[in-house]
Every structure is written in structure tokens, then in C-alpha cells.
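The next block holds one structure in the form of C-alpha cells; read it before the comments.
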Amino acid sequence: MALVDSFLHKCKALKHIKQLQAQLIVSSAFQSYLCRTKLLEFCSISPSGDLGYAVEVFRHVDNHHTNEWNAIVRGFAQSDEPRQAVEWYVTMLHQARRPDALTCSFALKACARMLGLFEGREIHGQYIRFGFEADVLLQTTVIDVYAKCGVLEQAQQLFDEMTRRDVPTWNALITGLAQGNRPRDALSLFNRMRDSGVVPNEISVIGALSACSQLGAASEGKFVHAYISEVRLDTNTRVCNALIDMYAKCGTIDLACDVFNKMPDRSLVSWNAIIMGLAMHGRGFHAVQLFNQMDSSSGVRPDAVTYLAALCACNHAGLVEEGLRIFKEMTKYGVTQNIKHYGCVVDLLGRAGRLEEAHMMIKSMPLVPDAVLWQTLLGACNTYGNIDLAELASEKLREMGSASDGDYVMMSNVYAAYGRWVDVGRVREAMKVNEVRKMPGCSFIEVDGIVHNFVNGDQTHSNSKEIYAKLDEISIRIKAFGYVPGTRFVLHDIGEEDKENVLLYHSEKLAMAFGLVTVKEGSLIQIYKNLRICGDCHIVFKLVSKIYEREIVVRDRARFHRFKEGLCSCGDYW
DNA sequence: ATAGGGTTAG
């Protein structure tokens with residue numbers, strides 16, 4: 001049988017497999033299910049195999065052994081059609097064949113990949129009836145299914161009920177929580193894992209780092225990093241990739257560069273992570289420099305993600321010509337342009353004020369434009385005050401049935417900038433009729449491990465009095481520096497004074513004022529905002545960084561802004 | 001009849 005194995009691994013094409021099969025049939029070795037299973041497994045799993053052929057061979061045999069079924073179910077589970085794996089599993093049941101733990105395992109793996117919650121639950125119930133209830137591997141897979149399908153409470157419950165758990169079990173839930181928008185819980189589970197004496201591995205720390213990235217929790221990220229060094233995972237490529245991403249998303253791009261420079265082996269993902277990180281921090285030149293050198297210096301070929309990162313870098317740094325060049329170059333290197341690449345270029349042109357070209361790009365592209373593209377164009381029209389094109393984009397969005405709050409807000413902003421209050425009212429009316437509401441902006445700041453959340457005009461914070469007093473003081477001091485409130489950023493048709501107040505009490509300004517009174521001098525003030533930072537706040541933050549000699553970092557929906565000595569790292573281009 | 005299955009960053 002070992003001989004069959006070694007022959008199989010020499011097969012590089014279906015033709016070779018068929019030749020081998022012919023010999024096995026002649027020598028009557030193929031009558032043994034062991035031999036057939038080997039061939040089926042190779043066909044259905046190996047990249048040089050052929051799942052369709054495996055199915056064909058399977059159908060020519062009767063009285064299948066469980067392992068032959070398993071080979072097919074497993075093959076489909078990792079194919080592009082995981083649903084087929086579940087269908088084969090069901091067929092097996094119908095033929096009164098009893099699946100073993102492996103069949104269940106492969107079928108569940110398929111459920112995880114196709115996000116089949118219903119099917120996952122069925123198979124979960126069945127394997128308990130088959131007597132595999134105590135199988136830790138099966139339980140781990142089910143936790144993964146539940147987590148990926150978004151029923152984290154069930155994943156958690158199953159985890160809690162287990163009497164024995166191993167490292168992958170912990171990992172399945174840590175990763176599930178991290179990917180399921182519960183990074184806090186992921187981190188505390190990671191800590192609980194360590195406290196209970198289970199030694200985290202590569203995958204556990206990657207999950208923990210991913211949670212830190214989402215939270216922008218630099219201090220906890222550093223803590224995890226220290227642990228990583230302690231257990232000598234700090235040369236592991238995937239761990240380093242997660243570290244790069246974490247440091248970049250926590251606002252400490254220099255630390256991300258350190259990790260990148262020191263790591264012994266860089267993969268494609270490493271390059272993509274650092275280029276994207278630099279892009280988010282507005283370091284377009286550095287990002288493009290790395291992009292240009294990756295192929296020549298390390299032989300790593302850029303893929304679609306790399307190109308997206310490079311275009312994004314050009315975008316945030318205003319490198320219009322470089323971005324267009326990179327975009328055109330893609331097809332030459334055999335990387336297909338997808339809708340996100342187009343989105344980036346439309347943004348690039350739009351931000352540079354080249355609205356007609358941006359519009360042409362959308363009209364001439366070979367893909368069906370999505371709402372994001374028209375929203376991008378609408379955003380550019382808002383910046384440059386182009387009413388006609390804005391109306392066109394807005395109309396397209398309406399036709400597409402897109403009713404995102406941002407569309408209405410931007411259209412209304414375009415009108416408001418020209419004082420066309422009747423049109424503003426019309427947009428607001430449409431918003432009401434279509435039941436669209438502006439997603440409330442909120443900002444938070446973490447001080448001494450406690451998260452303080454603010455919404456616009458928030459007066460619920462216990463230090464509210466102090467915060468508002470500080471904002472009034474800031475308002476006076478920045479006006480002395482020539483600040484004029486950007487009331488054009490306010491869409492409501494209200495009096496100038498009210499507008500000023502609405503502006504002054506934006507959530508990010510509240511968080512900033514709180515930071516000024518609580519974060520000790522010399523320390524960085526870090527703020528997170530769920531939407532993009534407002535234009536007026538951007539101006540104010542620059543002034544505050546100068547007048548109060550404080551460094552402020554804002555991570556918004558799209559990127560980082562680092563305010564220092566009156567300037568922002570984005571160079572006012574965002 | 002032998003084992004084989006689970007968790008992974010851009």
C-alpha cells in the first residue's frame with residue numbers, strides 16, 4: 001500500500017492517475033477497498049487530482065466502504081461547492097450507511113464553509129445519536145460552524161459544557177469571537193486560556209492580535225506581543241503578519257515597520273499588510289516604494305490585494321499619476337481588476353477634482369458598477385461642489401435602490417453648500433419617506449483601560465461639565481489663531497450660532513476635550529470614530545495639537561490621522 | 001483490518 005502511495009504522489013495529471021489505476025485493476029489490487037480509497041482520496045483532495053473523476057470512479061464500485069464515502073465528502077468539503085459534501089453525506093444516510101466520526105467531521109467542515117447553520121445543527125444532533133458526543137475534534141468543528149454562522153452564544157455554550165478541551169477548541173472560539181465582532185470577549189477568552197494553564201499556539205495569538213486590531217488596543221497588543229516573544233513565536237511569519245496589521249491599526253505604524261523589517265521570512269501577506277498599513281497612515285511614498293521593490297528584491301509577485309493596497313496608498317497620498325500607472329500595469333502582470341480597484345481609482349480621480357474622468361471610468365468599466373462607486377463619485381462632487389454630477393450619481397443610486405444614509409447626507413450637503421435650502425428640505429423629506437436615518441456618529445477614547453463613548457452633543461458623561469468648559473476654552477483659543485467655524489459642515493437649516501454649537505459638540509471634539517483633561521501631558525491622545533472625521537473637526541484638531549502641544553491620533557472609518565504641531569499626517573488630503 | 005478529521009493573518 002505504501003507503494004501505491006508513492007506512485008500516487010508522483011502523479012501530476014489525471015492522465016497519470018488513470019494509468020496507475022489501469023495497472024491496479026490488472027493486478028487486481030483495485031479489488032481492495034484500501035487501494036481504492038487511496039486513489040479516491042488522492043483524486044478528491046490533491047491539487048493535481050480531479051474531484052469529478054473521483055466521483056466517476058466511486059460510481060463504478062458498489063458496496064462502498066465508509067472510507068470511500070469519506071474521501072468524496074472530504075473532497076467536496078474543501079472544494080468550491082461545499083454544499084455537495086452535505087448532499088453526499090445525506091445520500092449516505094439514505095442508503096443506510098452509517099457515517100463515522102470522520103464523515104461527520106468533513107460534513108461539518110462543509111457547513112462551516114457554506115455557513116449552513118441549519119445543516120450544521122442537524123449533523124450536530126446526528127453525531128450525538130451516533131455516539132460521538134465526546135469527540136473533541138467534532139465539538140471543535142461545531143463550535144467553528146456556530147461561530148462562523150453568527151450564533152456565538154451557542155458556540156460559547158457548547159464550549160462551556162465541554163469537559164475536555166484542547167488548544168484548537170480554545171482557538172475556534174477565540175477566532176470566532178474575534179471575527180464575530182466581539183473582540184473584547186476574544187481577548188478575555190485568550191487571557192482565560194492562559195490563566196487555565198493551556199499554552200496558546202500560533203493560531204491563538206493570531207486571534208488575540210486580530211481582536212486588538214479591531215479594538216485599536218495598542219497597550220493590549222503590546223502585551224500580546226511580549227507574550228509572543230516569550231514563547232518564541234516572534235519569528236513565525238503568520239504571527240508577524242498579524243503583528244504588522246495590529247500595530248498599523250493601533251496607530252503605531254513605526255512598530256509595524258519594525259516587525260516587517262526584522263522578520264526572517266516575508267510572505268505575500270506580509271508585504272500586503274505593511275503596504276496597506278502605510279497607506280492607512282498616509283505614507284504613500286513609502287508604500288509605493290515598498291510596492292515597487294517587493295518583486296525585484298524578494299521575488300514575491302503582487303496579487304489583487306497588493307494592487308488594492310498600492311492604489312489605496314496613492315489615494316491617501318494624492319499620488320494621482322502613480323496610481324493611474326499602477327492601475328494600468330495590473331493587467332500586464334496578469335492580475336484582474338475587480339470592482340474595488342475601480343473604486344480606488346474613481347476615488348483617486350475624484351479627490352483630485354478630476355470628476356469627469358472619474359465619471360468616464362465608471363461609465364466605461366467592464367464590470368457592473370456598484371453603489372460604492374456612485375457614492376464615491378457623489379463624495380467627490382460634494383468636495384468640489386459639482387451639483388449636476390452629484391444629481392446624476394444620486395439618481396443612479398436611487399435607481400439601484402440604495403438607500404444608505406450617507407447618500408442623502410452628501411446630496412443634501414452639496415445643496416447646502418450653495419444655500420439651496422429648498423432642495424435640502426426635499427432631500428430630507430425623501431429621507432423621511434424612505435425611512436433612512438443618518439447613522440449617528442460616535443467617538444470613543446480609552447483612558448486607563450476604561451472606554452469612554454461619546455455621541456454628538458453628548459451630556460451624559462460624568463465629567464460633562466468639565467468637558468464642555470474645556471471645549472469653550474478651546475473655542476476661544478483657536479479663534480485667536482484665526483479659526484472660523486466651518487458651519488458649511490452642518491446640514492440643518494438653522495441659525496449660524498446654533499450651527500457653531502452643533503459643530504463644537506461633535507463626538508470627536510468631546511472625546512478630544514476629555515482626552516485633554518485626563519490624558520497626562522506628553523502622552524498620546526487616541527480617539528476612534530465610527531464614521532469619517534468631520535472636516536471642521538480636522539481643522540480644530542490641527543490647531544489644538546499646536547496650541548496645546550499635544551499629539552492626537554484619530555482612527556476613523558477609513559484611515560488614521562495623526563495631528564502634531566499643527567499638521568496632520570494626511571496632509572489635508574483624505 | 002491502519003490512520004485519517006478540528007482552529008490561522010493581508
Side-chain angles (χ1 to χ4, degrees), chain A residues 1-2 5 32-34 37-38 40-42 45 65-68 70-71 73-74 77-78 85 99-113 127 132 135-148 155 158-159 162 165-179 186 189-190 193 198 200-214 228 233 236-249 256 259-260 263 266-280 294 300 302-310 312:
Chain A
M1 220 41 71
D5 244 351
S32 149
Y33 91 86
L34 276 171
T37 303
K38 283 257 176 274
L40 283 173
E41 276 182 355
F42 186 81
I45 297 156
H65 189 276
T66 310
N67 291 355
E68 292 174 276
N70 289 354
V73 177
R74 185 183 186 184
Q78 62 176 56
D100 65 6
L102 271 87
T103 328
C104 299
S105 175
F106 300 137
L108 282 168
K109 172 88 187 165
C111 295
R113 292 198 53 216
Y127 84 63
F132 311 134
D135 189 319
V136 179
L137 280 84
L138 280 177
Q139 289 173 309
T140 302
T141 317
V142 179
I143 289 176
D144 185 46
V145 172
Y146 287 158
K148 288 213 165 72
L158 193 60
F159 179 89
M162 285 171 74
R165 307 178 187 111
D166 60 11
V167 175
T169 316
W170 287 87
N171 292 349
L173 191 55
I174 291 173
T175 305
L177 290 166
Q179 292 175 350
L189 190 64
F190 174 74
M193 178 185 190
V198 186
N201 68 4
E202 171 191 349
I203 294 163
S204 336
V205 299
I206 288 171
L209 288 173
S210 151
C212 295
S213 297
Q214 290 176 57
I228 287 167
L233 281 168
N236 177 303
T237 302
R238 291 174 206 262
V239 171
C240 287
N241 296 344
L243 277 170
I244 293 170
D245 181 57
M246 183 275 291
Y247 278 128
K249 292 199 175 132
V259 173
F260 180 80
M263 64 194 288
R266 298 185 190 105
S267 67
L268 175 61
V269 176
S270 324
W271 289 90
N272 291 353
I274 194 70
I275 293 172
M276 196 44 123
L278 289 165
M280 284 196 305
M294 68 181 280
V300 179
D303 70 352
V305 179
T306 324
Y307 275 102
L308 188 63
C312 186

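Just so it is clear, the model here is predicted, and its values are computed rather than measured. Here is the naming used below: chain letters follow the sequence lines, and residue numbers restart at 1 for every chain. Just so you know, these numbers use all the heavy atoms, side chains as well, and skip hydrogens, waters and symmetry mates.
The residue A/T141 sits close only to the backbone: its heavy atoms come under 4.0 Å of sugar-phosphate atoms, none of a base. Across all strands, A/E41 comes closer than 4.0 Å to base atoms (heavy-atom distances). Using a 4.0 Å heavy-atom criterion, one finds that A/Q179 contacts the sugar-phosphate atoms exclusively. Residue-level contact check: A/L268 touches the bases, meaning some heavy atom is under 4.0 Å from a base atom. Counting non-hydrogen atoms under 4.0 angstrom, A/V142 reaches nothing in the nucleic acid.
Between A/I203 and A/P168 the shortest side-chain heavy-atom distance does not fall below 4.5 Å.
B/dG6 atom C1' lies 15 Å from atom OH of A/Y146, rounded to whole Å. Protein atom CZ of A/R238 is 6 Å distant from nucleotide atom C1' of B/dT8, rounded to whole Å. For A/H65 and B/dA3, the NE2 to P distance is 13 Å, given to the nearest whole Å. A/R165 has its CZ atom 16 Å from the C1' atom of B/dG6, to the nearest Å. The nearest whole Å value for the distance from the CD1 atom in A/I45 to the P atom in B/dG5 is 9 Å. The CE-P distance, from A/M276 to B/dA9, rounds to 16 Å in whole Å. With rounding to whole Å, A/D100 atom CG is found 11 Å from B/dA3 atom C1'. Rounded to a whole Å, the CE atom of A/M193 is 13 Å from the C1' atom of B/dT8.
One finds a side-chain N or O of A/R74 lying less than 4.0 angstrom from the OP1 or OP2 phosphate oxygen of B/dG5. One finds a side-chain N or O of A/K148 lying less than 4.0 angstrom from the OP1 or OP2 phosphate oxygen of B/dT8. Phosphate contact (OP1/OP2 of B/dA3, side-chain N/O of A/K38, threshold under 4.0 Å): absent.
In the set B/dA3, B/dG5, B/dA9, B/dG5 carries the atom at the smallest distance from any side-chain atom of A/L137. Side-chain proximity of A/T175 to the nucleotides B/dT8, B/dG6, B/dG4 is greatest for B/dT8. Listed nucleotides: B/dG5, B/dT8, B/dG6. Nearest to the side chain of A/F106: B/dG5. Considering only the side chain of A/S105, B/dG5 comes nearest among B/dA9, B/dG5, B/dG4. With distances taken from any side-chain atom of A/L138 to the nucleotides B/dG4, B/dT7, B/dG5, the minimum falls on B/dG5. For A/I203, the side-chain atoms get nearest to B/dT7 when compared with the rest of B/dG4, B/dG6, B/dT7. Between B/dT7, B/dT8, B/dG5, one nucleotide has an atom nearer to the side chain of A/I206 than all others, and that is B/dT8.
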Check step by step if ring-ring contact (aromatic ring centres under 6.0 Å, His included) holds for A/F260 and A/W271.
CA-CA 8 Å; A/F260 180 80; A/W271 289 90; 5.1 Å; yes
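No side-chain donor-acceptor contact under 3.5 Å links A/D144 and A/T141. Looking only at atom types and distance, the side chain of A/S213 has no donor-acceptor partner in the side chain of A/S210 under 3.5 Å away.
Counting distance only, with no hydrogens placed and no angle test, the side-chain atoms of A/T169 and the base atoms of B/dG6 include a donor-acceptor pair under 3.5 Å. Side-chain atoms of A/N70 stay outside donor-acceptor range of the base of B/dG5, with no qualifying N/O pair under 3.5 Å. Evaluation of atom-type donor-acceptor distances gives no pair under 3.5 Å for the side chain of A/N171 against the base of B/dG6.
Residue A/E41 holds its CD atom at 10.0 Å from CD of A/E68, rounded to the nearest 0.5 Å.
A donor-acceptor pair is defined here as one N or O able to donate and one able to accept, closer than 3.5 Å; no such pair exists between the side chain of A/N67 and the backbone of A/N70.
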